[in-house]
Amino acid sequence: MSQELPLNIESLLPSGRMITSDEGDGDVQPLWLSDQSATAGLWETLHAEHARSGMWPLLLDALSPRDEEFRLWASGELFPQRMSSPATHDPAGLLAEWWATYTAVDEDGDMLSADKRLAVTAPFGQRWPGTAPSPQSVANADAAAAVYAQTFLAAHPRSRLGLVAAATGAEALTVAGWDGPCNYDNDTAKFSAIVDDWERRFGARVVAVSFSTLHLSVAQPLTTDEAALLVAAEHFAFCPDNIWQGSGSLTAYAHQLTGARTWDFWWD
């Protein structure tokens with residue numbers, strides 16, 4: 001990424017700097033980061049300018065509220081060079097593969113019995129149900145993202161503004177070199193491929209990212225139990241900690257998804 005920001009947005013920006021990645025010899029700068037907290041209005045303005053600027057805005061939160069270093073962003077703990085391309089991955093294939101991995105029963109080393117393990121993903125058990133069908137229409141995705149940006153900043157007022165040269169928010173995760181899900185897979189491009197698919201199917205937009213969390217707005221909320229259960233299965237394959245260390249079961253998680261306009265993920 002060039003150290004020069006597009007002229008059509010440079011005058012809009014507060015003070016900030018290009019962040020150098022931990023990788024390489026100091027010549028990889030995948031992210032621009034503001035020096036101070038972001039505002040929802042500026043995020044929305046830059047989001048609207050994305051088609052012309054090519055810079056995707058992100059709300060970036062620190063590792064902890066007391067983290068003065070503002071890890072991982074200001075510290076440059078980013079690894080863009082080790083990532084592949086999202087375009088080389090099949091989202092449905094990845095989800096099916098990960099589902100099989102996370103529903104496998106290890107009779108010797110599993111802390112849960114086989115029955116309890118399979119109960120987590122009931123009614124599917126180990127059977128991958130396939131991806132959820134796309135809604136007939138998805139509208140107002142950008143408006144939904146702007147609303148969520150306001151909500152997120154109200155809850156995380158220390159969040160800063162990040163800019164990444166990327167075609168979509170999904171792609172921005174890989175271009176920036178974020179590795180939040182690295183405990184499961186250290187190639188963020190795989191996760192970007194799935195988020196890109198959700199962008200098309202559900203009008204999802206990447207709004208905010210932290211050390212190991214990802215926050216999406218959703219323009220088309222789920223309205224039926226059947227659709228919510230299928231999307232819950234996708235979320236389990238994408239981020240099993242949402243269920244394992246959150247709701248405890250796929251059905252409980254699906255209930256939380258019904259009507260939700262935001263999807264939040266965290267990897268332990």
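What's counted below: heavy atoms across the whole structure, side chains too, no hydrogens, waters or symmetry copies.
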message = Measuring centre to centre across the rings, with the benzene-like ring taken for any Trp, is W267 within less than 6.0 Å of F211?
response = no

message = Taking the side chain as everything from C-beta on, heavy atoms only, tell me whether S247 gets closer than 4.5 Å to Q256.
response = yes

request  = Starting at CH2 of W73, measure out to CZ of R160 and round the result to the nearest 0.5 Å.
outcome  = 12.0 Å

query = With hydrophobic residues grouped by side-chain heavy-atom distances under 4.5 Å, do M83 and I194 end up in a single group?
reply = no

ask   = Please walk me through it: do H47 and T45 pass side chain to side chain donor-acceptor pair (under 3.5 Å)?
value = CA-CA 5 Å; H47 188 255; T45 296; over 6 Å; no

query = Between E23 and R82, is there a side-chain N and carboxylate O pair less than 4.0 Å apart?
reply = no

Would you list the atom pairs, donor with acceptor, under 3.5 Å between side chains in residues 94-103 and any protein atom, with sequence neighbours excluded?
unit_1: W99; atom_1: NE1; unit_2: Q126; atom_2: O; d: 3.1
unit_1: T101; atom_1: OG1; unit_2: E97; atom_2: O; d: 3.2
unit_1: T103; atom_1: OG1; unit_2: W99; atom_2: O; d: 2.8

message = Around atom NE2 of H255, are there more than 12 heavy atoms from other residues, nucleotides or ligands closer than 6.0 Å?
response = no

message = Check for me whether the distance between the ring centres of H235 and W198 falls short of 6.0 Å.
response = yes

message = Let's go through L173 and F191 carefully: what are the C-alpha distance in whole Å and the side-chain angles of both, what is the deciding distance for side-chain contact (heavy atoms from CB on, under 4.5 Å) to 0.1 Å, and is it a yes or a no?
response = CA-CA 9 Å; L173 302 173; F191 298 89; 5.8 Å; no

key: Side-chain donor/acceptor of E171 to backbone N/O of S192, under 3.5 Å   = no

ask   = Is there a donor-acceptor contact under 3.5 Å from the side chain of R52 to the main chain of I9?
value = no

Inter-residue atom distance D197.CG - T131.OG1, 0.5 Å rounding = 7.0 Å

Under 3.5 Å donor-acceptor pairs involving side-chain atoms of residues 55-65, not counting sequence neighbours:
unit_1: W56; atom_1: NE1; unit_2: V206; atom_2: O; d: 3.2
unit_1: D61; atom_1: OD2; unit_2: H156; atom_2: ND1; d: 3.1
unit_1: S64; atom_1: OG; unit_2: D67; atom_2: N; d: 3.4

ask   = Is D187 paired with K190 through a side-chain N to carboxylate O contact shorter than 4.0 Å?
value = no

Stepwise side-chain contact (heavy atoms from CB on, under 4.5 Å) check, R17 with Q29 = CA-CA 10 Å; R17 62 188 175 95; Q29 296 183 307; over 6 Å; no

note = The side chain to side chain contact (heavy atoms under 4.5 Å, CB included) partner of F238 among W263, F265, Y184 is F265

L33 CG to L161 CG distance, which is reported to the nearest 0.5 Å = 8.0 Å

ask   = Atom CD of E234 and atom SG of C239: how far apart are they, to the nearest 0.5 Å?
value = 13.5 Å

key: Test side-chain contact (heavy atoms from CB on, under 4.5 Å) applied to I19 and L78, step by step   = CA-CA 9 Å; I19 299 299; L78 304 166; 4.3 Å; yes

Heavy-atom neighbours of D225 CG exceed 12 at 6.0 Å = no

key: Pair F124-L250, side-chain contact (heavy atoms from CB on, under 4.5 Å): steps then yes or no   = CA-CA 9 Å; F124 305 123; L250 206 65; 3.6 Å; yes

message = Going by salt bridge (Lys or Arg N to Asp or Glu O under 4.0 Å), name the pairs with one or both residues in residues 237-266, residues two or more places apart or in two chains.
response = none

inquiry  = Quick check: is F79 connected to V28 through a chain of hydrophobic side chains (ILVMFWY, heavy atoms under 4.5 Å apart)?
reply    = no

inquiry  = Donor-acceptor pair, distance only, cut-off 3.5 Å: does the side chain of S210 make one with the backbone of T213?
reply    = no

